[in-house]
Structure formats: structure tokens, C-alpha cells
Number of protein chains: 2
Amino acid sequence: MTSAPGSPGDVLTLISAGSATTRSDLAKITGLARSTISQRVDALIESGLVEETESGESTGGRPPRQLRLHTEDHAFAGIDLGATHCRIALMDMSSDVLAECEDPLLIAEGPETVLAHVDRRLDELLERAGRPRAALRAVGMGVPGPVEFATGRPNNPPIMPGWNDYPIPEHFEGCAVFVDNDVNVMALGEHRNAYPGTRHLLFVKIGTGIGCGIVAEGTLHRGAQGSAGDIGHIRVSGHEDAGCRCGNSACLEAVAGGAAVARRLTELGIPAESGADVVALVQGGNTQALRLVREAGRLIGEVLASLVNFFNPEVIVIGGALSRVHEHLLAGIKETVYRRSLPLATHHLSIVPSRTGINAAALGAGILAIEHYLSPDNINRIVNA
Amino acid sequence: MTSAPGSPGDVLTLISAGSATTRSDLAKITGLARSTISQRVDALIESGLVEETESGESTGGRPPRQLRLHTEDHAFAGIDLGATHCRIALMDMSSDVLAECEDPLLIAEGPETVLAHVDRRLDELLERAGRPRAALRAVGMGVPGPVEFATGRPNNPPIMPGWNDYPIPEHFEGCAVFVDNDVNVMALGEHRNAYPGTRHLLFVKIGTGIGCGIVAEGTLHRGAQGSAGDIGHIRVSGHEDAGCRCGNSACLEAVAGGAAVARRLTELGIPAESGADVVALVQGGNTQALRLVREAGRLIGEVLASLVNFFNPEVIVIGGALSRVHEHLLAGIKETVYRRSLPLATHHLSIVPSRTGINAAALGAGILAIEHYLSPDNINRIVNA
DNA sequence: GAACTTTCGCCGAACATCGAACAAAGGCCA
DNA sequence: TGGCCTTTGTTCGATGTTCGGCGAAAGTTC
């Protein structure tokens with residue numbers, strides 16, 4: 001059972017979403033009496049969740065006192081663990097970034113080493129932001145592999161040796177921890193940051209591998225086993241010769257991922273090892289690299305065309321390392337999607353590059369944590385305590 | 001804002017779902033005081049929504065009075081309009097079928113003719129069930145084409161001439177009307193009837209065309225334009241020569257739909273016009289037909305393998321005309337899905353024939369109507385009136 | 001048939017919400 | 001400058017809702 005409508009948690013949600021900034025607004029929106037709203041707001045202020053600011057503009061009578069989240073006593077961390085990097089964003093309740101950092105870090109070194117590093121950086125960030133460790137209320141984390149979201153344990157992740165079934169949340173004491181696949185948190189970050197009004201969105205990450213985060217009805221769709229969005233191993237036609245590390249052939253990732261494009265360039269006598277090299281070549285004007293990236297776009301577009309027919313999203317966001325040359329990638333993708341998908345599904349469909357960029361994962365992970373903390377049920381618990 | 005927890009609507013939901021059959025159960029589940037529950041139940045009985053039955057079994061003390069939906073004064077209709085048929089199920093609040101009928105009916109005759117026919121049949125069914133027209137509270141309808149669900153208007157349906165943008169709900173006065181794509185209501189019917197505990201389910205209808213209804217988090221996913229699940233025009237590899245009525249080539253429907261299989265049989269010198277002919281041939285033991293159906297299964301399986309990776313459902317249900325020979329179809333589908341999808345996604349995946357059968361659409365349409373009528377908000381409105 | 005168990009209605013107490021009245025704080029205008 | 005209007009915010013008694021204890025009802029167990 002959820003809480004009653006108009007509970008402190010609901011009131012905070014309205015303030016947090018910016019739907020209401022004054023007691024009067026709240027009364028109008030919720031339909032509750034002004035006196036009741038005042039009582040709710042008092043409780044929220046008492047709990048340190050909301051604060052009053054200077055009076056606002058008068059509309060002919062007494063000017064209303066503005067309300068906003070009291071962000072000073074709280075902190076949240078969004079942690080983006082990649083195969084070879086670690087990014088952390090320390091955020092406040094309004095999803096504003098207080099401090100951030102980025103390091104090279106091999107996830108293959110295992111959970112103890114990696115999480116110890118995270119811990120040190122987290123302390124540094126808290127100090128830079130001038131907040132005590134106790135201010136840290138919740139932590140979100142994105143990792144490059146499948147996760148059982150309910151328990152925060154990686155589920156046979158192929159590129160995270162030593163992490164299988166490791167109980168990540170237990171490492172952080174005294175605060176709620178949410179671990180999810182990196183593409184899911186990127187999708188969440190992009191959605192909340194750039195397309196908050198959109199109901200159905202796909203975030204496609206094109207790097208060494210290819211993955212997809214799914215936002216349906218405004219919330220992440222993780223699927224039955226938490227493996228939804230694993231589109232890198234969908235078969236594309238006409239590439240039966242391309243073997244994939246998963247054991248099958250003709251996987252999207254094996255023909256259009258950053259590593260695959262690099263390999264094909266190398267075969268053409270243009271040395272490239274990774275997606276980053278490919279990006280550098282394209283930016284340097286190499287026509288072969290440009291051609292292959294566009295061709296990769298077409299192959300990705302073929303898969304996305306299927307998904308557009310199936311899922312009918314409003315927006316598809318293209319992110320990941322290769323999206324830094326998104327003009328060429330997007331050209332190939334759009335060309336194929338608009339040719340192969342049904343008109344009804346593509347009529348209002350936007351296919352766009354990520355606006356949130358390199359920080360989408362860390363931000364999304366932080367937002368995952370913040371949204372849990374600000375959920376009406378959790379707020380009601382805090383206020384009643 | 002939704003209603004408070006433990007409202008009459010919530011109480012009815014628990015009774016309706018079978019989660020609670022006595023006042024004591026309700027008190028335990030909701031956490032409300034027994035006296036409060038009694039008051040709620042009284043209000044529901046007063047409104048004619050709930051009734052008491054004979055006392056139940058004693059567990060050592062006073063036996064509880066059993067509660068159940070008072071189904072006698074209400075009726076709901078589920079209408080399944082196909083290209084060439086019309087099935088109607090008259091149902092009560094418990095989703096039990098009171099009366100049903102089935103006629104050949106060409107949807108191409110246009111909305112006035114078709115809806116007039118529906119009206120006549122509806123009156124007959126109501127009379128057979130001994131309920132007045134006023135007992136009809138809500139109507140659900142599935143139609144063979146895309147629909148804007150919010151308004152109940154068909155959206156450029158290819159095989160429903162004259163229906164484009166026709167305001168179907170206006171035809172039924174005095175009761176709520178919900179119009180949806182036929183595959184969506186079939187998915188709903190199958191889910192509620194056979195897999196109520198499942199969170200993510202796909203219902204694949206294989207008839208002349210191929211479509212898919214999507215149940216995500218227990219509710220229908222319709223997509224941004226209501227065109228989600230239109231998988232019939234997803235491209236399959238290796239069939240570039242197969243032209244499709246949509247203008248593209250190599251569409252799944254153009255190579256694995258009932259009409260396509262029939263055409264290929266005809267080319268082999270075995271005359272067949274429709275999916276029904278194909279079914280008859282297979283049931284008659286024709287090995288060519290059997291081979292082609294299995295091959296069609298493999299092609300469908302190729303597409304489903306992609307969707308399993310993307311959506312990660314718990315159950316895929318195969319329905320539609322061709323599923324009457326489901327052993328052969330399923331063999332082809334499973335073979336491909338289990339080969340091409342990721343182990344994590346297929347580990348707990350079931351691929352099964354429809355258990356609800358020919359009536360899935362009419363039942364699902366009725367359930368669509370009933371669930372709206374029994375939604376807590378609607379019940380609270382009724383009780384407070 | 002006495003003791004026990006469970007259900008259920010009744011009723012006063014506790015609690016939450018409401019709305020009226022009033023105070024506060026500004027604008028508007030003579 | 002001062003009076004009046006508008007809007008905001010608080011206080012407080014009235015109202016309505018929910019709770020929990022008590023006793024009656026209706027069975028089982030011994």
C-alpha cells in the first residue's frame with residue numbers, strides 16, 4: 001500500500017519537480033486546505049528537507065514565501081564504473097553536481113581494489129564539497145555488465161572478473177545503494193536531464209560494445225532477468241562471417257561496435273585498436289574510417305528499425321564513445337530506420353545525439369539514488385521518524 | 001492524485017483479485033482496523049458491488065462471512081472484430097462469460113454496418129443472459145489495426161476501409177468504451193487468464209499477418225503512437241526477394257505469415273489460399289506444408305530472438321490461426337530463439353502456445369473494460385455517489 | 001455445557017483535516 | 001501618508017475519519 005495522497009512525501013515531490021514553489025501553489029494543486037499544506041510544509045522544514053527563501057513577487061497581495069529543497073545537509077553519489085575508468089559525481093538533492101572526478105581504473109582488478117578506490121575518491125569529493133560523510137544519503141552505481149537490481153549483485157558479467165554475485169551494496173554502510181547496468185543509468189540520466197516529458201525513450205550506447213537502456217512510461221525497463229536492452233548480440237543480415245565473442249556470428253556488436261570497426265580499418269591497412277582510434281581517424285578526415293562509421297550506422301539502424309516497430313519510442317538517443325562522431329553515425333542510422341520502420345512509428349520519432357554526454361552515466365546513477373531518496377514513501381518515513 | 005490507501009476501491013480490488021474473501025483478511029492485508037474495514041465493506045455492499053455469501057469454514061472460532069463481487073447487476077462486453085469475423089463475449093464483473101456469439105462479418109463494410117450488427121448481437125446476448133441493457137457498464141473492443149487508445153479512433157488502419165479516425169466510442173451511449181488493437185487485447189486476455197503473476201509477457205499472433213502484444217510490468221505497452229508490437233514488418237535476413245504489401249521487402253510477415261506460407265505452397269504445386277488452408281494441409285500430414293511451417297517458425301524465431309535480447313520477457317505466447325499447428329511452429333521458433341538469444345535472457349524464458357485460444361481477443365477486450373470499471377478511482381467515484 | 005477461539009458491531013477516544021477568522025505584508029490610489 | 005484591497009500564512013474550534021477496546025455472536029474443543 002502506498003501513502004495517502006497529499007502526504008508530506010507527495011508535497012515534497014511537487015516542490016522537487018518544480019510544480020509548486022509556494023504554499024498556495026501546493027494548496028491549489030493538491031486540493032488540500034491551506035492550513036493542512038502549511039502543516040505539511042512545516043514538517044518538511046522541521047525534517048530539514050525543505051527551506052524557505054526570500055519572499056517572491058507579489059501579485060497584488062502579500063507576497064508568498066518561496067519554498068525549495070534544502071540541499072545543504074544532503075549528498076548523493078553517482079558512480080560510473082567502466083571497463084577502464086571510474087567517474088564519480090557528488091550531487092545534492094536537486095541533482096546539481098557539487099564535485100566530480102574521473103580516473104583511469106581497471107574494473108578487472110576486482111571489487112575490493114575498485115571499491116576501495118571509489119571510497120577514497122568519495123571522501124575527497126565530500127571534503128571538496130564541504131560535507132561530512134554522514135551527509136551521504138544514497139549511492140547509485142552503473143557497472144558494465146548485467147546486475148540483479150534488487151540485490152545489487154552482478155550477474156555473470158563478461159568483462160568484470162571477480163565481481164560475479166559480489167554484494168556491492170554491503171560495501172557502503174549506512175546509506176542506500178542502487179546498482180544497475182551502465183546503459184540503464186545513462187538512459188535514466190539522459191531522460192531526466194534532456195527529455196523529462198518523454199514517456200518512451202531508448203538510449204543506445206555505441207562503444208566497444210553496443211547496449212541499450214529502455215525508458216518505458218518514464219521508468220527503466222529492466223526485464224525479467226535484468227538483461228533487457230542487450231542489443232549487442234542481435235543478428236544483422238549479411239555478415240555471417242563475423243564471429244562474436246559470445247559464440248554466435250553476425251552479432252551487431254561484432255560488425256558495428258567500436259572494436260569491430262577498428263579491426264576492419266586495420267585490415268584495410270589503417271592501424272586502429274579501439275573505438276577511440278576510430279574517432280580520432282574520423283576527426284582527422286580519414287575517408288575510409290568515415291565510410292566504415294557510416295556503414296556501422298546503417299547496421300545499427302537496421303536493428304533499431306526493428307526495435308522502433310516493436311517498442312514505438314518517442315526518442316532514440318545515441319551515446320557512447322563512437323557518438324563523438326555522431327554526424328556520420330546518425331546519418332547511417334537515420335537512413336536505415338526511416339526506410340525500414342513503419343510511418344506511424346517514425347512520424348514523431350526523433351533520433352538524436354546524447355545531450356548529456358560523457359557524464360550521463362554518473363549523473364544517471366546519482367539520479368537513481370536521489371529519486372529513491374525523494375520517493376514519497378521514503379520521505380514519509382523520514383518525516384514521521 | 002490517486003485515492004488514499006485502503007479506500008473502498010482498494011478494498012474491492014483485493015476482493016476482486018481473490019486476495020481476500022473475508023473482513024478479517026482485508027484487515028490483515030491493509031493494516032486498517034477491523035472496524036474501518038467493516039465500514040468500507042458496508043459501503044461496497046450498499047453500492048451493490050459486493051455481497052455476502054454463506055459463512056465459510058471456521059478455523060476454531062466464529063466462521064467468517066465470505067465476501068465476493070456482486071456480479072448480478074453488471075455486465076460487460078468484449079468485442080473482437082477481425083477482418084472477416086465478429087466475436088462477442090458478455091461477461092460479468094468476475095470475468096466469467098455469461099454468453100457469447102460468433103459471426104462472419106466483413107469489417108470492410110464500414111463502421112455503421114458493422115457497429116449496427118454488433119448492437120443487435122449485444123442486445124441478443126443481454127437477453128440471453130437475462131440482463132437489461134442498463135446493466136452494461138463498459139465495453140472493450142479489439143480491432144485489426146492501429147488505434148489511438150485515448151480517443152478510440154482507428155489510426156490509418158490498412159485493412160479497415162472507412163474506419164479511419166471514426167469515433168467508435170460515440171456509438172455506444174451511456175457506457176465507457178475502450179478500443180485497442182486486437183493483438184493488444186489478446187495479450188491482455190492471455191496474461192490475465194493464464195499468466196497473471198508474470199510481469200513481462202509477449203503475445204505473438206501469427207495469422208495472415210504477424211503482430212505482437214506487449215505486457216510490461218503487468219500492463220499493456222502501447223508505445224508513443226500506439227503502434228508498438230508491429231513486428232510483422234521487421235526485416236529478416238536472406239529474403240530480399242520477398243516483397244511486402246508495406247512497400248519494403250523481406251518483412252517477417254511477407255515470408256512467414258499465413259498468406260506467405262500459402263503462396264509458397266501454391267508455388268510448389270500444392271494449392272493453398274490462406275493460413276487456414278495451410279493448417280488443414282499440415283493437419284492432413286502434408287510434409288511440404290509441415291516443412292514450410294517449421295521454416296516459418298525459424299524466421300519468426302529469428303525476430304523473437306532479437307526481441308528477447310531487447311525486452312527480456314518471462315513468457316512468449318504464440319497465438320493466432322497458425323498456432324493451431326503449434327508443435328511445428330514452436331519447434332522452429334524455439335530452435336532459433338534458444339540459439340540466438342543470450343543465456344541470461346533465455347534461462348527462465350518459456351515459449352508456449354496460447355492457452356486461451358480463439359476467445360483470447362474477446363475475453364481480453366472484456367477484461368480491458370472490466371479492469372477500468374473496477375479500478376480503485378472509478379469504484380471510489382461510484383461508492384461516493 | 002464450560003472454556004476457548006474467531007468474527008463482527010458498537011462506541012468513545014485519538015487523530016487528521018477543514019474552514020472561518022484573524023494577522024501579516026505588500027500594492028494601489030486618493 | 002494613510003486607508004483600502006488583495007493575497008499569504010497562522011490559529012483554533014468544528015467536523016469527520018480511523019482506531020482500538022469491549023461485548024455479543026457463533027462456532028469448535030474437551
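All heavy atoms count here, side chains included; hydrogens, waters and symmetry mates do not. Below, chain A is the first sequence line, B the second, and so on; all start at residue 1.
Residues that satisfy the salt bridge (charged side-chain N to carboxylate O under 4.0 Å, His left out) test with Glu52(A), not counting sequence neighbours, are Arg23(A), Arg65(A). For Arg133(A), the side-chain hydrogen bond (donor to acceptor under 3.5 Å, both in side chains) partners two or more places apart in sequence, or in a different chain, are Asp119(A), Asp123(A). In this structure Arg137(A) satisfies the side-chain hydrogen bond (donor to acceptor under 3.5 Å, both in side chains) test together with Tyr373(A), sequence neighbours excluded. Under the salt bridge (charged side-chain N to carboxylate O under 4.0 Å, His left out) criterion, Glu371(B) pairs with Arg192(B), sequence neighbours left out. With sequence neighbours excluded, no residue satisfies side-chain contact (heavy atoms from CB on, under 4.5 Å) with Thr219(B). Checked against side-chain hydrogen bond (donor to acceptor under 3.5 Å, both in side chains), Ser47(B) has no partners two or more places apart in sequence or in another chain. Legend: residues meeting salt bridge (charged side-chain N to carboxylate O under 4.0 Å, His left out) with Glu217(B), ordered by chain and number and at least two apart, are Arg199(B).
Put simply, Ser38(B) has a side-chain N or O that comes within less than 4.0 Å of OP1 or OP2 on dG9(C). Listed pair Arg23(A) / dT7(D) fails the phosphate criterion, with no side-chain N or O lying under 4.0 Å from OP1 or OP2. Residue Arg65(B) places at least one side-chain N or O under 4.0 Å from the OP1 or OP2 atom of dG9(C).
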Find every protein N or O atom lying less than 3.5 Å from an N or O atom of nucleotides 19-22 of chain D, and list the pairs.
| residue | atom | partner | partner atom | Å |
| --- | --- | --- | --- | --- |
| dC19(D) | OP2 | Ala33(B) | N | 3.1 |
| dC19(D) | OP2 | Thr36(B) | OG1 | 2.6 |
| dG20(D) | N7 | Ser35(B) | OG | 3.3 |
| dG20(D) | O6 | Ser35(B) | OG | 2.9 |

Please produce a list of atom pairs where a protein N or O lies less than 3.5 Å from an N or O of nucleotides 26-30 of chain C.
| residue | atom | partner | partner atom | Å |
| --- | --- | --- | --- | --- |
| dG26(C) | N2 | Gly60(A) | O | 3.1 |

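When the C1' atom of dG9(D) is taken as reference, atom CD of Gln39(A) falls 14 Å away, rounded to whole Å. Across the protein-nucleic acid pair, Asn384(B) atom CG and dG16(D) atom P stand 15 Å apart, rounded to whole Å. Straight-line distance from the CZ atom of Arg40(B) to the C1' atom of dC8(C): 17 Å, rounded to whole Å. We find that CG of Asp42(A) is positioned 15 Å from P of dA16(C), with the value rounded to whole Å. Following rounding to the nearest Å, Gln66(B) (CD) and dT6(C) (C1') show an atom-to-atom distance of 13 Å. Atom-to-atom, CG of Asp25(B) to P of dC8(C) comes out at 10 Å; the value is rounded to the nearest Å.
For His221(B) and His221(A), the ring centers sit 6.0 Å or farther from each other.
Below 30°, between 30° and 60°, or above 60°: for Phe76(B) and His74(B) the angle between ring planes is below 30°, a parallel geometry.
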